[in-house]
Protein chains: 2
Amino acid sequence: MRRETYNEFRRLCQKHSLAATHQRQKIYEALVSRPGHYSPEEIYEQVKQDLPSISLATVYKNLKTFVHAGMLCEVSPHHGSWRIDANHHPHHHLVCTRCRSITDLDFDSLGPVKLRGKLPSGFRLEKFTIEVRGVCKACTAAETKQH
Amino acid sequence: MRRETYNEFRRLCQKHSLAATHQRQKIYEALVSRPGHYSPEEIYEQVKQDLPSISLATVYKNLKTFVHAGMLCEVSPHHGSWRIDANHHPHHHLVCTRCRSITDLDFDSLGPVKLRGKLPSGFRLEKFTIEVRGVCKACTAAETKQH
DNA sequence: AATCCTTTAATAACTATTATCATCTGATAA
DNA sequence: TTATCAGATGATAATAGTTATTAAAGGATT
């Protein structure tokens with residue numbers, strides 16, 4: 001692991017009062033040291049090369065721990081549940097990060113996406129999708145109620 | 001079901017050579033007749049009120065059929081696998097609709113999202129996420145090879 | 001070294017989804 | 001209409017992805 005990455009890892013663990021274990025170090029490294037966003041299974045396979053006895057559950061648990069601590073974030077808030085879109089008109093999505101509800105947002109509510117420069121060579125563009133993430137009315141209400 | 005929706009449904013089934021069954025009609029209606037994007041389980045519960053003997057497998061199978069035919073589309077291409085993001089700098093994602101790989105796109109590659117008008121009242125905005133969907137280099141190569 | 005609290009590995013349990021298969025239905029043509 | 005049959009359905013077994021449980025190990029503090 002690069003010294004810089006290592007230091008960052010130690011700092012983050014300290015900040016969130018997490019033990020800086022060997023396993024966590026390797027999991028963190030597997031995430032940061034290469035491009036792309038891998039599944040827990042893929043991360044497990046990667047870490048296994050250094051720590052053959054690591055358990056898949058440990059990978060899951062630490063990923064959750066990291067996300068919970070805010071050290072990492074989820075790419076999609078909808079893993080674990082398949083959602084279908086029957087709206088054929090161009091539109092965007094409002095996504096509640098609490099209850100994960102999805103509602104449509106009129107296409108014209110947002111300005112068009114503008115491409116500056118080029119996409120990586122070979123990538124064939126199909127469309128842009130904008131997700132507006134935040135907290136929906138119901139969840140906001142539920143939260144303020146509690147205080 | 002509204003006559004308009006019903007006609008649209010018949011038309012779509014015909015276009016894709018699918019039998020216009022009761023079950024499909026009710027599933028389609030459950031999707032189009034209300035706002036929001038529901039999980040297969042939620043759609044199943046909804047359809048069950050009209051067709052108590054419908055099977056959950058039928059719901060899944062037809063949703064897949066509809067998506068495959070292009071009558072509907074998936075909200076997120078990453079249901080079924082949890083993806084983690086370790087990149088803390090603001091950035092966007094290139095998503096391959098074939099192999100589902102995700103790669104980072106520099107924040108400045110795209111212009112800023114502009115909000116025209118207002119979001120629905122009560123929605124507390126956290127951030128905009130842009131997904132650039134298309135076919136990655138590897139998958140494009142694999143496809144052209146076959147022809 | 002003894003104690004306490006956290007983390008780990010192994011694996012059982014659970015949830016979402018898909019496959020299998022016997023039965024039934026819708027579309028077509030007689 | 002009815003007969004026919006490819007395609008669709010319902011029941012349920014199987015699988016994949018994820019989470020919970022628990023005994024043992026680690027490591028910090030006294």
Side-chain angles (χ1 to χ4, degrees), chain A residues 9-10 12-30 37-69 71-72 74-84 100 102, chain B residues 6 9-30 37-69 71-72 74-84 100 102:
Chain A
F9 169 71
R10 301 289 301 201
L12 283 168
C13 284
Q14 197 148 33
K15 181 175 163 191
H16 298 291
S17 358
L18 297 173
T21 66
H22 226 153
Q23 288 87 343
R24 285 183 178 155
Q25 184 185 316
K26 291 297 181 187
I27 291 169
Y28 185 80
E29 187 181 6
H37 298 285
Y38 305 94
S39 67
E41 184 72 38
E42 287 166 328
I43 293 161
Y44 171 64
E45 290 302 333
Q46 165 91 5
V47 173
K48 223 174 163 180
Q49 292 177 14
D50 286 332
L51 305 174
S53 74
I54 197 171
S55 162
L56 178 57
T58 300
V59 174
Y60 270 100
K61 212 171 319 166
N62 283 315
L63 289 176
K64 273 193 93 169
T65 303
F66 290 161
V67 168
H68 197 77
M71 285 170 60
L72 309 171
E74 300 178 316
V75 171
S76 159
H78 299 108
H79 70 275
S81 149
W82 192 32
R83 304 299 184 96
I84 294 301
R100 319 215 143 166
I102 305 167
Chain B
Y6 181 70
F9 169 73
R10 301 290 300 201
R11 196 183 63 71
L12 283 168
C13 284
Q14 198 146 33
K15 180 175 165 193
H16 299 289
S17 358
L18 298 172
T21 66
H22 279 312
Q23 289 86 342
R24 285 183 176 156
Q25 184 185 315
K26 291 297 180 185
I27 292 168
Y28 185 80
E29 186 181 8
H37 298 284
Y38 304 94
S39 67
E41 184 72 38
E42 288 167 328
I43 294 160
Y44 170 64
E45 290 303 331
Q46 165 92 5
V47 173
K48 223 174 162 180
Q49 293 176 14
D50 286 331
L51 304 174
S53 74
I54 196 170
S55 161
L56 178 57
T58 301
V59 173
Y60 270 99
K61 215 171 317 169
N62 283 315
L63 289 176
K64 274 193 91 168
T65 302
F66 290 161
V67 168
H68 196 78
M71 286 169 60
L72 307 172
E74 300 179 314
V75 171
S76 159
H78 298 109
H79 70 276
S81 147
W82 192 31
R83 304 299 183 96
I84 293 303
R100 318 215 144 166
I102 306 167

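Residue numbers begin at 1 in each chain, while the letters A, B, ... track the order of the sequences.
- Computed from coordinates, the B:Tyr44 OH to D:dA11 C1' distance equals 10 Å when rounded to whole Å.
- The listed nucleotides are D:dG10, C:dT7, C:dG26; the one nearest the side chain of A:Ala19 is C:dT7.
- One can place NZ of B:Lys61 at 15 Å from P of C:dT17, the figure rounded to the nearest angstrom.
- When the side-chain nitrogen and oxygen atoms of B:Ser53 are compared with OP1 and OP2 of D:dG10, one or more of them lie within a distance under 4.0 Å.
- By the 30° and 60° cut-offs, the orientation of the rings of A:Phe66 relative to A:Tyr28 is perpendicular.
- Comparing A:Ser39 and B:His22, the nucleotide of DNA chain D nearest to each residue sits closer to the 5' end for B:His22.
- In this structure, of D:dT19, C:dA16, C:dT8, it is C:dA16 that holds the atom nearest to the side chain of B:Tyr60.
- A straight line from CG of A:Leu51 to P of C:dT7 spans 17 Å, rounded to a whole angstrom.
- For B:Thr21, counting side-chain heavy atoms from C-beta on, the closest listed nucleotide (C:dG26, C:dA9, D:dT18) is C:dG26.
- Along DNA chain C, the nucleotide closest to B:Glu41 and the one closest to B:Arg10 are compared, and the more 5′ of them pairs with B:Glu41.
- Nearest to the side-chain atoms of A:Ser55 among the listed nucleotides C:dT18, C:dA27, C:dT11 stands C:dT11.
- Straight-line distance from the CD atom of B:Glu42 to the C1' atom of C:dA16: 13 Å, rounded to whole Å.
- Partner of B:Ser81 under the side chain to side chain donor-acceptor pair (under 3.5 Å) criterion, out of B:His78, B:Arg83, B:His79: B:Arg83 alone.
- Here B:Thr58 reaches the OP1 or OP2 of D:dG10: one of its side-chain N or O atoms lies under 4.0 Å away.
- Checking D:dG10, C:dT8, C:dT17 against every side-chain atom of B:Gln23, the shortest atom distance belongs to D:dG10.
- Distance from the side chain of A:Ala57 is smallest to C:dT11 among C:dA27, C:dT8, C:dT11.
- Between B:Thr21 and B:Arg24, the closest side-chain pair of non-hydrogen atoms falls below 4.5 Å.
- The shortest side-chain heavy-atom distance between B:Tyr44 and B:Ile54 falls under the 4.5 Å cut-off.
- Look at CG on B:Asn62: it is 13 Å from P on C:dG26, rounded to the nearest Å.
- The separation between B:Leu18 atom CG and D:dA6 atom P is 17 Å, rounded to whole Å.
- Following rounding to the nearest Å, B:Ile27 (CD1) and D:dT9 (P) show an atom-to-atom distance of 7 Å.
- For A:Ile43 and D:dG17, the CD1 to C1' distance is 14 Å, given to the nearest whole Å.
- Using a 4.5 Å heavy-atom cutoff, the side chains of B:Trp82 and A:Leu63 are in contact.
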